[in-house]
Protein chains: 2
Amino acid sequence: MGISIGKAAERAGLSVHTLRYYEKEGLLPFVDRTPSGTRCFKESDFEGLAMIHCLKNTGMTIRDIHEFVRWSMEGDATLQKRLDMFLAQKKEIEARIEEFQRYLDKIGYKIDYYENAVRIAKQDPA
Amino acid sequence: MGISIGKAAERAGLSVHTLRYYEKEGLLPFVDRTPSGTRCFKESDFEGLAMIHCLKNTGMTIRDIHEFVRWSMEGDATLQKRLDMFLAQKKEIEARIEEFQRYLDKIGYKIDYYENAVRIAKQDPA
DNA sequence: GTAGAACCTCGAGTTAACTCGAGGTCAAGA
DNA sequence: TCTTGACCTCGAGTTAACTCGAGGTTCTAC
C-alpha cells in the first residue's frame, strides 16, 4: 500500500495540517485514498509536491498553483497553457534574481560603510 | 516646507494608507510634523524609505525592520548590531538567489519538456 | 477485543501586512 | 467668509496561508 499522510508530511517537510489544507485547496487531486478514506501517497506524488513547492516559493499563489494543477489533470489540451505559465514564471524568477542582485549591491555598500564606522568607533571610543 | 504625505506616497510608490501604517509600526520615526500635526517629509527621508523597501522585499518582517530603525535612531552604540544585521541579510539574500537559481533550472527542464510536447501535439493532433 | 496511535472532517482562530471608512481638522483660493 | 480638498486619528475589515482543536473513525499491536 501507499505512504500515510504523516510519513508524506515528514518527507515533504510540511505539516500534516498543511498537506490537508493543500488538498482542500485542490492542489493534490492526484493523491489516492484507501476504501476507508485514508489518504495514500505514492512515490510519484512527491514529484507533484516538489513542483508545488517550487511554484509557491517563487511567488505563485495557492490559487494560481491550483489552476496549473487543474490544467495538468486535463491532459494534452492544456499543454500550451502550461508552457506559457512556465515561461511567465521563468521571467518572474529572472526578474526577481536581478532585483535581489540590486539589493545585494545596496547592502554591500552599507556593510562597507558600517565596517568602517565600527572600526573608527573602536579606535576612538568617544 | 516639506513634502506632503500624498506626494511622498506617490514618489515612494506606496499608498498614503501604507505610509501611515509604516509610521504607526515605528518604521518612520524620522518623519517630521508641522505644528498642526501634518506629516512633513524631507528629501533624506526617501533614503530611509528606500532601505525599508529593500529590507522588506528581501524578506524581513515589519517588526524586524522596526528594530533596525530603532537601532539607527540610537546612534553609534548600535553600529555593530546594525552591521551584523546587514551581514545576516546579505547571507539571506545570497541563499535566496541560489535557491531561485535551482528553481530556474527546474523550470527550464519543464519548459524543454513542454516545448517538445507542444511541438509533437501540433504535428500529430489526435 | 481492547488500548492507543494515527487518521478523518469541519469550522474557527491566527498572523502579517495592509486597506478602508467614518468623523473631524486645517489651509488656500474664489 | 466659505468651500473644497488634503490632511489627521482610530478602529474595524480584508486576504493569504496556514494552524489548531473538537469530535469521531480506523488500524495495529498486544
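A quick note: this is a predicted structure, and the numbers were derived from the prediction, not measured. Here is how names work: the chains are called A, B, and so on, in the same order as the sequence lines, proteins then strands, and each is numbered from 1.
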Measure from [atom1] on [X] to [atom2] on [N] and round the result to the nearest Å.
X: B:L14; N: C:dC20; atom1: CG; atom2: P; result: 14 Å
X: B:H66; N: C:dA16; atom1: NE2; atom2: C1'; result: 16 Å
X: B:I5; N: D:dG5; atom1: CD1; atom2: C1'; result: 15 Å
X: A:I65; N: D:dA16; atom1: CD1; atom2: P; result: 13 Å
X: B:H53; N: C:dC18; atom1: NE2; atom2: P; result: 11 Å
X: B:M60; N: C:dA16; atom1: CE; atom2: P; result: 15 Å
X: B:I52; N: C:dA17; atom1: CD1; atom2: C1'; result: 14 Å
X: B:D64; N: C:dT15; atom1: CG; atom2: C1'; result: 14 Å

Which nucleotide in [options] has an atom nearest any side-chain atom of [X]:
X: A:S36; options: C:dA17, D:dG21, D:dT26; result: D:dT26
X: A:K56; options: D:dA17, C:dT9, D:dC18; result: D:dC18
X: B:I62; options: C:dC8, D:dT9, C:dC18; result: C:dC18
X: A:R63; options: C:dA16, D:dC8, D:dA16; result: D:dA16
X: B:H17; options: C:dC18, C:dG21, D:dC20; result: C:dG21

Inset, instruction - Would you please say whether a donor-acceptor pair under 3.5 Å links the side chains of B:E25 and B:Y21? - result: no

Inset, instruction - Identify whether any heavy atom of B:S15 sits under 4.0 Å from a base atom; if not, whether one sits that close to sugar-phosphate; answer base, sugar-phosphate or nothing. - result: nothing

Legend entry - Flag, side chain of A:N116 to backbone of A:Y113, donor-acceptor distance under 3.5 Å: no

Inset, instruction - Look at atom CD of B:E94 and say whether more than 12 heavy atoms of other residues, nucleotides or ligands are closer to it than 6.0 Å. - result: yes

Inset, instruction - Taking the side chain as every heavy atom from C-beta outward, state whether A:L28 and A:F30 have any atom pair closer than 4.5 Å. - result: yes

Inset, instruction - Tell me whether the OP1 or OP2 atom of C:dC7 has a side-chain N or O from A:S4 closer than 4.0 Å. - result: yes

Inset, instruction - Considering just the side-chain nitrogens and oxygens of B:R39, establish if one lies under 4.0 Å of OP1 or OP2 belonging to D:dC7. - result: no

Inset, instruction - Run the numbers on B:T58 and B:R96 for side chain to side chain contact (heavy atoms under 4.5 Å, CB included), then give the verdict. - result: CA-CA 9 Å; B:T58 54; B:R96 208 64 163 278; over 6 Å; no

Inset, instruction - Could you identify which residues of residues 18-28 of chain B place a heavy atom less than 4.0 Å from some atom of DNA chain C, listed by residue number, or say none? - result: B:T18, B:Y21, B:Y22

Inset, instruction - Classify the angle between the aromatic ring planes of B:F68 and B:F86 as parallel (below 30°), tilted (30 to 60°) or perpendicular (above 60°). - result: perpendicular

Inset, instruction - Quick one: do A:Q80 and A:D84 satisfy side-chain hydrogen bond (donor to acceptor under 3.5 Å, both in side chains)? Show the steps, please. - result: CA-CA 6 Å; A:Q80 185 67 52; A:D84 292 346; 3.0 Å; yes

